[in-house]
Undergrad: 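Take a look at the following structure, please.
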Amino acid sequence: MERYNRQIQLPQVGATGQQKLKDAKILVVGAGGLGCAILPYLTASGIEHIGIIDGDTIEETNLQRQILYTETSITQQKVVVAKQQLKALNSNVNIEIYNYYLSGENALELFRNYDIIIDATDSIQTRYLINDACIITNKPFVYGSIYRFEGQVSVFNYKNGPTYRCLFKNDKAKVSNCETAGVLGTTVGLIGMLQANEVIKMILETGDVLSGQLLVYNTLNNSQNCINFKKSETKSIDEAFFNSEYKTHKIEAVCVNEAISQNVICIDVRELHETPKLELSNGLQIPLSILESKIKNLNKNENYAVYCQSGKRSLEAIKLLKNHQFQNVKNIEGGVISMQQKINNEKSIY
């Protein structure tokens, strides 16, 4: 216990509190900027059961704010590298990694194995999924989000308190992510640490948890506001609702060979500046950030295959297209990297 001596000295912690930290089971959804700020502090605090779920790989643009990764980590799986770094920080911690994205198919089973769920994503659709799965499994949900220099933190479904839907009622709303809005790494770090702090307070059962309160912090002018809100959920969130909302539209995958055939239109939903660029005779580039405004220009009777860098944004794009009654839409397995390898292999043959 010597390594935790400084926090054990706190009357709000002590040996009893340290044991609570050791026994707690925490799941972090997302190993990006917020996740990289949250995870080291939870690991260092002595929480010995941590799960991380993320299907993404590390890119050069991540390094500005995702401090668990280095230049040598590029192209590797985020959860794999995160586990290695965290085990080096505290070998006592048992870290379970899930190298795929959270979905309606896996959320309920996964959440039941943990005490607290932390949102470290930048997807509004995923936050509704987390919220609804937390309601069904009766787990508190620690929320954090970033928009440029402003961050938000709250705790939902804590002791049957207000939920994410009580504060954000419009599940069709649009939000910008770091790729489209920009962000400073320090802002991400600050909000992630505030989320980690809420987790530790809940485990220790001390302090005032941000339940029914939205903390809004602006790093440009150091202003801080706390907005109170009450429980006002009108929807009945049960397994029947969950299944209809998250399990009815299964997304089919398509192999690279089929995707680049002339019978399928490939849609690149990455931002215009992203590389590598693919020259496809049957290709379109419509960034996810503007896809909904361009949907009217697409023929619903065509066959589409959607891709991005790794697969996360393409899944969101497909859900959006299906919500607009596009039936023949599939996801390209492996994203742009697999497609480029296929094209390069064909060129080398000739």
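Starting from 1, each residue takes its place in the sequence as its number. We use all heavy atoms of the structure for the numbers below, so side chains are in, but hydrogens, waters and symmetry mates are not.
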Undergrad: With a 4.5 Å limit on heavy-atom distance, are the side chains of Phe111 and Leu102 in contact?
TA: yes

Undergrad: Is a side-chain N or O of Asn197 found less than 3.5 angstrom from the main chain of Met193, in a donor-acceptor match?
TA: no

Undergrad: Test: side chain to side chain donor-acceptor pair (under 3.5 Å). Region: residues 44-55. Which pairs qualify, not counting sequence neighbours?
TA: none

Undergrad: Run the numbers on Thr121 and Ser123 for side-chain hydrogen bond (donor to acceptor under 3.5 Å, both in side chains), then give the verdict.
TA: CA-CA 6 Å; Thr121 72; Ser123 165; 5.5 Å; no

Undergrad: Between Gln9 and Asn5, does a side-chain hydrogen bond (donor to acceptor under 3.5 Å, both in side chains) hold up when you go through it step by step?
TA: CA-CA 6 Å; Gln9 290 179 22; Asn5 180 263; 2.5 Å; yes

Undergrad: Run Ser314 and Asn331 through side-chain hydrogen bond (donor to acceptor under 3.5 Å, both in side chains) and show every step you take.
TA: CA-CA 7 Å; Ser314 63; Asn331 185 49; 2.6 Å; yes

Undergrad: Step by step, would you call Val336 with Glu274 a side chain to side chain contact (heavy atoms under 4.5 Å, CB included)?
TA: CA-CA 11 Å; Val336 71; Glu274 293 184 63; over 6 Å; no

Undergrad: For atom NZ of Lys296, decide whether the heavy atoms of other residues, nucleotides or ligands shown that lie under 6.0 angstrom number more than 12.
TA: yes

Undergrad: Determine, step by step, whether Lys231 and Asn160 satisfy the side-chain hydrogen bond (donor to acceptor under 3.5 Å, both in side chains) criterion, reporting the C-alpha distance in whole Å, the side-chain angles of both residues, the deciding distance to 0.1 Å, and the verdict.
TA: CA-CA 9 Å; Lys231 189 160 185 173; Asn160 199 35; 2.9 Å; yes

Undergrad: Could you tell me if Thr57 and Thr75 have a donor-acceptor pair between their side chains, going purely by distance under 3.5 Å?
TA: no

Undergrad: Would you kindly confirm whether Leu284 and Leu321 end up in one hydrophobic cluster when ILVMFWY residues are joined by side chain heavy atoms under 4.5 Å apart?
TA: yes

Undergrad: Measure the shortest side-chain to side-chain distance between Tyr98 and Leu110 over non-hydrogen atoms and say whether it is less than 4.5 angstrom.
TA: yes

Undergrad: Working to the nearest 0.5 Å, report the span between OH of Tyr246 and CG of Asn106.
TA: 13.0 Å

Undergrad: Where the side chain of Ser91 meets the backbone of Lys87, is there a donor-acceptor pair that is under 3.5 Å apart?
TA: no

Undergrad: Would you check if the side chain of Asp132 reaches a backbone N or O of Phe242 as a donor-acceptor pair within less than 3.5 Å?
TA: no

Undergrad: Answer yes or no: is there a side-chain heavy-atom contact under 4.5 Å between Met202 and Pro140?
TA: yes

Undergrad: What distance do Gln195 atom CD and Tyr41 atom OH have between them, rounded to the nearest 0.5 Å?
TA: 14.0 Å

Undergrad: Determine whether a donor-acceptor pair (N or O, by modelled atom type, separation under 3.5 Å) exists between the side chain of Gln12 and the backbone of Leu204.
TA: no

Undergrad: Out of curiosity, Asn99 CG to Lys83 NZ, how far, rounded to the nearest 0.5 Å?
TA: 11.5 Å

Undergrad: Quick one: CG on Asn328 to CG on Asn303, what's the gap to the nearest 0.5 Å?
TA: 4.5 Å

Undergrad: Are the side chain of Asn90 and the backbone of Ala44 linked by a donor-acceptor contact shorter than 3.5 Å?
TA: no

Undergrad: What are the two closest heavy atoms between Leu210 and Glu198, and how far apart are they?
TA: N-OE1, 2.9 Å

Undergrad: Following the transitive rule for hydrophobic clusters with a side-chain heavy-atom cut-off under 4.5 Å over Ile, Leu, Val, Met, Phe, Trp and Tyr, establish whether Phe326 and Ile265 coincide in one cluster.
TA: yes

Undergrad: Step by step, work out the side chain to side chain contact (heavy atoms under 4.5 Å, CB included) result for Leu39 and Val28.
TA: CA-CA 8 Å; Leu39 285 162; Val28 180; 3.7 Å; yes

Undergrad: Do the rings of Phe156 and Tyr143 sit parallel, tilted or perpendicular, given the 30° and 60° boundaries?
TA: tilted

Undergrad: Applying the 4.5 Å side-chain criterion to the ILVMFWY set and letting contacts propagate, would Ile67 and Ile74 be lumped into a single cluster?
TA: no

Undergrad: Would you say Tyr69's side chain and Gln76's backbone share a donor-acceptor pair under 3.5 angstrom?
TA: no

Undergrad: Test side chain to side chain contact (heavy atoms under 4.5 Å, CB included) on Ile286 and Asp268; report intermediate values, then the result.
TA: CA-CA 6 Å; Ile286 311 175; Asp268 180 358; over 6 Å; no

Undergrad: In the structure I gave you, are the side-chain heavy atoms of Asn218 and Asn222 within less than 4.5 Å of one another anywhere?
TA: no

Undergrad: Determine whether Leu108 and Ile135 fall in the same hydrophobic cluster, where Ile, Leu, Val, Met, Phe, Trp and Tyr are linked whenever their side-chain heavy atoms lie under 4.5 Å apart.
TA: yes

Undergrad: Is it true that a side-chain atom of Asn62 and a backbone atom of Glu59 form a donor plus acceptor pair closer than 3.5 Å?
TA: yes

Undergrad: Could you report the tightest heavy-atom contact between Arg270 and Lys277, atom names first, then the distance?
TA: NH2-CA, 4.4 Å

Undergrad: Answer yes or no: is there a side-chain heavy-atom contact under 4.5 Å between Ile332 and Val306?
TA: no

Undergrad: Can you name the closest pair of heavy atoms from Gly192 and Ile38 and give their distance?
TA: O-CG1, 3.2 Å

Undergrad: Can you name the nearest heavy-atom pair linking Ser232 to Lys169, along with the distance?
TA: OG-NZ, 2.7 Å

Undergrad: Side chain to side chain contact (heavy atoms under 4.5 Å, CB included), that's the test. Do Asn299 and Tyr304 meet it? Break it down for me.
TA: CA-CA 10 Å; Asn299 183 350; Tyr304 295 99; 4.0 Å; yes

Undergrad: Could you state the interatomic distance from CG (Leu86) to CD1 (Ile95), rounded to the nearest 0.5 Å?
TA: 4.5 Å

Undergrad: Tell me whether Leu89 is reachable from Val80 by hopping between hydrophobic residues (I, L, V, M, F, W, Y) whose side-chain heavy atoms are closer than 4.5 Å.
TA: no

Undergrad: Does Asn131 use its side chain to pair, donor to acceptor, with the backbone of Tyr164 at less than 3.5 Å?
TA: yes

Undergrad: Measure across Ala120 and Gly35 and return the closest heavy-atom pair with its distance rounded to 0.1 Å.
TA: CB-N, 3.5 Å

Undergrad: Within the structure provided, determine whether Ile116 and Leu27 are in side-chain contact (heavy-atom separation under 4.5 Å).
TA: no

Undergrad: Counting only heavy atoms not in Asn94 (residues, nucleotides, ligands), do more than 12 fall under 6.0 Å from its CG?
TA: yes

Undergrad: Do Gln85 side-chain atoms and Leu68 backbone N/O form a donor-acceptor pair below 3.5 Å?
TA: yes

Undergrad: Hey, are Glu239 and Asn243 close enough side-chain-wise for a donor-acceptor pair under 3.5 Å?
TA: no

Undergrad: Could you grab the distance from atom OH of Tyr217 to atom OG1 of Thr219, nearest 0.5 Å is fine?
TA: 7.5 Å

Undergrad: Does any non-hydrogen side-chain atom of Ile26 lie less than 4.5 Å from one of Ile203?
TA: yes

Undergrad: Check whether Ser154 reaches the backbone of Gln213 with its side chain - one donor and one acceptor, N or O, closer than 3.5 Å.
TA: yes

Undergrad: With a cut-off of 6.0 Å (strictly less than), are more than 12 heavy atoms of other residues, nucleotides or ligands near CD of Gln224?
TA: yes

Undergrad: If you compare all heavy atoms of Cys308 against all heavy atoms of Val269, which two are closest, and at what distance to 0.1 Å?
TA: CB-CG2, 3.8 Å

Undergrad: Taking C-beta and beyond as the side chain, do Tyr101 and Ile53 meet within less than 4.5 Å on heavy atoms?
TA: no

Undergrad: I'd like to know if Lys25 pairs up with Glu96 as an ion pair, taking the criterion as any Lys NZ or Arg NE/NH1/NH2 lying under 4.0 Å from an Asp or Glu carboxylate oxygen.
TA: no

Undergrad: Run the salt-bridge test on Lys201 and Asp208 with the 4.0 Å N-O cut-off and return the result as yes or no.
TA: no

